[in-house]
Chemist: 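Let me begin by handing over the structure; questions about it come next.
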Amino acid sequence: MKKLILVCGPAAIGKSTFCNNYAKEHPDEIVRVISADEVRKEMCGSYKNFPPNKNMKPIYEKIVEIAKELYNTMENVTVMLDTTMLYDGLRLYFIEQLPMFEDRRLYLLKLHDYGQCLIRNKKRIEEKWVPDEIIISMCKGYADPKPEVIEQFTEYKEFYVD
């Protein structure tokens with residue numbers, strides 16, 4: 001079975017670490033992680049660069065393209081999308097663009113104290129640092145999915161990563 005896992009959370013919450021740990025903890029699965037940061041770096045030349053007007057749509061379209069390619073070329077692949085997806089609109093975008101996955105999971109990463117994102121941010125390589133005000137805004141805008149969105153997924157889980 002081919003699996004799609006959306007790993008959501010604000011910048012520096014630990015999405016990449018979560019994805020890497022998932023892959024290690026599931027050696028029986030063929031796991032491929034598609035990181036929005038890595039796609040943006042490839043397309044824009046740096047972690048610090050964004051598309052014009054900070055329009056992330058080209059990045060999201062590339063993520064979808066990569067996920068479709070993995071789906072079409074690999075047996076029993078688990079594709080993990082490592083991107084913020086702070087609200088339902090973006091979560092639904094990926095589900096609507098990738099309906100072919102039989103198993104669709106939504107994993108929300110959470111903290112009891114989102115101030116930890118500011119600390120974790122400074123522990124990353126400097127090129128990946130996100131301005132504090134952006135992280136604060138992301139944390140304030142991070143929303144739990146509505147029931148009708150949860151219904152679109154095979155599994156929904158929240159993980160506290162502190």
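The structure presented is a predicted model; accordingly, all values stated were derived computationally and were not measured.
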Chemist: Are M1 and V79 connected, step by step, through hydrophobic side chains (Ile, Leu, Val, Met, Phe, Trp, Tyr) whose heavy atoms are closer than 4.5 Å?
Modeler: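 Hydrophobic grouping puts M1 apart from V79.
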Chemist: Can you check side chain to side chain contact (heavy atoms under 4.5 Å, CB included) on L4 and F94, steps first, answer last?
Modeler: CA-CA 10 Å; L4 177 68; F94 286 111; 5.5 Å; no
Chemist: Which atom names give the shortest non-hydrogen contact between K2 and E75, and what distance separates them?
Modeler: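 Closest approach of K2 to E75, heavy atoms only: CE-CA, 4.3 Å.
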Chemist: Taking atom CG of L106 and atom CZ of R91, what is their separation to the nearest 0.5 Å?
Modeler: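 Spacing of CG (L106) from CZ (R91) equals 6.0 Å.
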Chemist: Which residue, T84, D37, V161, V33, forms the side chain to side chain contact (heavy atoms under 4.5 Å, CB included) with K15?
Modeler: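 One option only clears the test, and that one is T84.
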Chemist: When rounded to the nearest 0.5 angstrom, what distance separates CD1 in I59 from OG1 in T83?
Modeler: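 One gets 9.5 Å once the value is rounded to the nearest 0.5 Å.
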Chemist: Could you state the interatomic distance from CG (D144) to CG (L108), rounded to the nearest 0.5 Å?
Modeler: 6.0 Å
Chemist: Looking at E65 and K62, is any side-chain nitrogen of the basic one under 4.0 Å from a carboxylate oxygen of the acidic one?
Modeler: yes
Chemist: Please collect all ring-ring contact (aromatic ring centres under 6.0 Å, His included) contacts where either partner lies in residues 134-162, sequence neighbours excluded, each pair once.
Modeler: F18-F159, Y107-F159, H112-Y160
Chemist: Quick one, L98 and K68 - any side-chain contact, counting heavy atoms below 4.5 Å?
Modeler: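 Yes, side chains in contact.
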Chemist: For atom NZ of K140, decide whether the heavy atoms of other residues, nucleotides or ligands shown that lie under 6.0 angstrom number more than 12.
Modeler: no
Chemist: Supply the atom-to-atom distance E38 CD to I66 CD1, rounded to the nearest 0.5 angstrom.
Modeler: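 The CD atom of E38 sits 10.5 Å away from the CD1 atom of I66.
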Chemist: Taking N53 for the side chain and N55 for the main chain, is one N or O donor matched with an acceptor at less than 3.5 Å?
Modeler: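 Between the backbone of N55 and the side chain of N53 there is no qualifying donor-acceptor contact (under 3.5 Å).
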Chemist: Which pair of heavy atoms, one from V77 and one from L70, lies closest together, and at what distance?
Modeler: CG1-O, 3.9 Å
Chemist: Ignoring hydrogens, what is the shortest heavy-atom contact between A67 and F101? Give both atom names and the distance.
Modeler: O-CZ, 3.9 Å
Chemist: Is there a path of hydrophobic side-chain contacts, each under 4.5 Å between heavy atoms, that joins Y22 and L109?
Modeler: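 Same cluster: Y22 reaches L109 through Ile, Leu, Val, Met, Phe, Trp or Tyr contacts under 4.5 Å.
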Chemist: What's the shortest heavy-atom distance between L86 and G9, and which atoms?
Modeler: CD2-C, 3.7 Å
Chemist: Working to the nearest 0.5 Å, report the span between OH of Y114 and CG of L111.
Modeler: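 These two atoms lie 6.0 Å from each other.
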Chemist: For the pair N121 (side chain) and C117 (backbone), establish whether a donor and an acceptor sit closer than 3.5 Å, ignoring hydrogens and angles.
Modeler: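 Answer holds: no.
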Chemist: Quick check on the hydrophobic clustering: are Y47 and M43 connected, directly or via other members, by side-chain heavy-atom contacts under 4.5 Å?
Modeler: no
Chemist: If hydrophobic clusters are built from ILVMFWY residues whose side chains come within less than 4.5 Å, do W129 and F50 share one?
Modeler: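 No, separate clusters.
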Chemist: Does atom CD (E61) have a neighbourhood of more than 12 heavy atoms from anything else shown, all under 6.0 Å?
Modeler: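 Yes - once you tally the heavy atoms of other residues, nucleotides and ligands closer than 6.0 Å, there are more than 12.
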Chemist: Do K3 and R105 touch side chain to side chain, with heavy atoms closer than 4.5 Å?
Modeler: yes
Chemist: Flag yes if more than 12 heavy atoms outside E155 fall under 6.0 Å of its CD atom; otherwise flag no.
Modeler: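 Yes, because the 6.0 Å sphere around CD of E155 holds more than 12 heavy atoms from other groups.
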Chemist: Look at atom NZ of K146 and say whether more than 12 heavy atoms of other residues, nucleotides or ligands are closer to it than 6.0 Å.
Modeler: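 No - once you tally the heavy atoms of other residues, nucleotides and ligands closer than 6.0 Å, there are 12 at most.
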Chemist: Ignoring hydrogens, what is the shortest heavy-atom contact between A11 and M138? Give both atom names and the distance.
Modeler: N-SD, 3.4 Å
Chemist: Report yes if some heavy atom in the side chain of V39 is under 4.5 Å from a heavy atom in the side chain of M56; otherwise report no.
Modeler: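 No. Closest side-chain heavy atoms not under 4.5 Å.
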Chemist: Decide, yes or no, whether a salt bridge links D162 with R120 under the criterion of side-chain N to carboxylate O below 4.0 Å.
Modeler: no
Chemist: Distance check, rounded to the nearest 0.5 Å: L118 atom CG versus I135 atom CD1?
Modeler: 5.5 Å
Chemist: For R124 and V130, work out which heavy atoms get closest and say how close.
Modeler: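 R124 and V130 have their closest heavy atoms at NH2-CG2, 3.3 Å.
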Chemist: Do you know which of K128, E127, K41, R40 makes side-chain hydrogen bond (donor to acceptor under 3.5 Å, both in side chains) with S46?
Modeler: E127
Chemist: Step through the shown structure and confirm whether more than 12 heavy atoms of other residues, nucleotides or ligands are within 6.0 Å of CD on E133.
Modeler: yes
